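Following: one structure in structure tokens, then a few remarks.
If you're wondering where the values come from, they're calculated on a predicted model, not measured in any experiment. Position 1 is the first residue of the sequence, and the numbers go up from there. All ligand and atom numbering here is 1-based and tracks the order in the structure.
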Amino acid sequence: MATSEFARLPGFRDFPPEDFALRSHIQESWRRVSRRYGFLEYDGPPLEPLGLYVEKSGEEIVAQLYHFTDKGDREVAMRPEMTPSLARILGERSRGLSKPIRWFAMPQLFRYERQQRGRLREHYQWNVDLVGEAGVSADSEIVAIAIDGLRALGLTSEDFAARVSDRRLLVALLRVIGVEEARLPAAFVVIDKIERMPPEKAVKTLRTEVGLDEEQVSTLMGLLDSTSLDALAEGFGGDRGVAPELDRLREYFASLEAMGLADFVQLDLRIVRGLAYYTGIVFELFDRRGELRAICGGGRYDRLLELVGGEPLPAVGFGMGDVVLGELLHDRGLVPAYSRDLDYFIVPVTPALKNESLRIAQALRERGHSVAYALKEQAVAKQMKAATREGARTVLVVGPEEIERGCVVARDMASGEEREVPLSDFG
Ligand code: HAM
């Protein structure tokens, strides 16, 4: 059978060591930043009951599910996101946990996406969620973690920004404009897609699907372009529904300013988020040049835990994928050079010195060093070449004369310097 019949599925990745190195670089950084903020790591199963997503995730994700009937006739799905699993896990145990709950995970997720840059059919996603705190400080804390996750990888406010909105503010504004209650969901759907539509189509859709007249459309378009809370307050702050929403966002931005992160956040009412469960502040992180898809998305979802059958707890969190982030790091030259990183390569000069070499190798490994050697008899020159290929920092040459004198020769591969090391150093 031709090997092409076993080709990798579209949208899936192999991770040979040089690619795996980038994946670990990203994930180690995510883990470090999570711990800096006091978050604990958890995980769940990669396969879940189909119903968990059908009812909770919203249409877009449901259309992309990898699902099947298992041998026990259960309808199951590969997890396309982590949030419903988190809600289920906490539903079973949150009563015994002190609040707020600070948890993070780095699951591999599966979505049958249309192939496009930055979107694959599997990805790793850093999920950070704060559960049990309804106040706006939890919202600013969460976006700060997402921002720090990117800063820890070397990205700056020139590379990316968080665009922030609040679904409650948007609802209040839409009511002032005169959008009927029944049309609010339709308005959300249009606003969510508005950036990807030609302006004439946006106007037409707002008129036909949201029932707005020309003046209402132009007020709404103005709102969506507005980037300052003060401008919104001037136009709409007198409304009893709008004012408290503006105050909450003011506190949010003030906290981020106090944390030194003001340059990374901007108000943008076009951010709605496609997922069904968000109830409050929502945000997405984008590259400043606008070349890539969203790097990260999240927000407040105060009703999901209860919907999944748990304690009614407010929650806020985000998911950051490794695919767009990897592209951005490549574009900005922030992918660390791949190195094989071997501490020692051991070179026995004659086959008779094999066991002595193995003893030294093992003693070094016991102390936590990485050690390799040729696995068959080879001339010294060949072994030295192999040592270079393996990226060894030091080569230990085990020669008969030196062993007689109770030492080996250590060669520093970068400088070429050699010195004798007593065997007693290896225990
Ligand atoms: P999401 O917006 O669907 O949110 O995904 C979050 C991030 O995951 C995206 O911004 C993107 O970086 C990455 N991502 C999503 N789909 C793909 C894909 N097909 N290929 C590559 N990367 C992808 C959620 O999943 C929410 N559950 C996040 C959340 C956690 N909200 C609260 N807590």
- Message: Which protein residues come within less than 4.0 angstrom of ligand 1, counting heavy atoms only?
- Response: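 Ligand 1 is contacted, at a heavy-atom distance under 4.0 Å, by Glu81, Thr83, Arg111, Glu113, Gly118, Arg119, Leu120, His123, Gln125, Asn127, Asp129, Arg273, Leu275, Tyr277, Tyr278, Ala294, Ile295, Cys296, Gly297, Tyr301, Gly317, Phe318, Gly319, Gly321, Val323.
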- Task: Please check if any side-chain donor atom of Gln116 sits under 3.5 Å from a side-chain acceptor atom of Arg293, or the reverse.
- Result: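 Result is yes, a qualifying pair exists.
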- Taking atom types as modelled, is there a side-chain donor on Ser370 or Tyr344 under 3.5 Å from an acceptor on the other?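 Distance-only check fails for Ser370 and Tyr344.
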- Query: Can you name the residues that form a salt bridge (Lys or Arg N to Asp or Glu O under 4.0 Å) with Asp239, not counting sequence neighbours?
  - Reply: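 Per chain and number, Asp239 pairs via salt bridge (Lys or Arg N to Asp or Glu O under 4.0 Å) with no residue.
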- Listed by chain and number, what are the ring pair (Phe, Tyr, Trp, His ring centres under 6.0 Å) partners of Phe188, not counting sequence neighbours?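 Checked Phe188 against ring pair (Phe, Tyr, Trp, His ring centres under 6.0 Å); zero matches.
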- side-chain hydrogen bond (donor to acceptor under 3.5 Å, both in side chains) contacts in which one or both residues fall within residues 258-270, not counting sequence neighbours: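 Counting only pairs at least two positions apart or across chains, the side-chain hydrogen bond (donor to acceptor under 3.5 Å, both in side chains) contacts touching residues 258-270 are Arg163-Asp268, Gln266-Arg288, Asp268-Arg270.
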- Item | NZ/NE/NH1/NH2 to OD/OE distance under 4.0 Å, Asp343 and Arg367 |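 Result for this pair is no, no salt bridge flagged.
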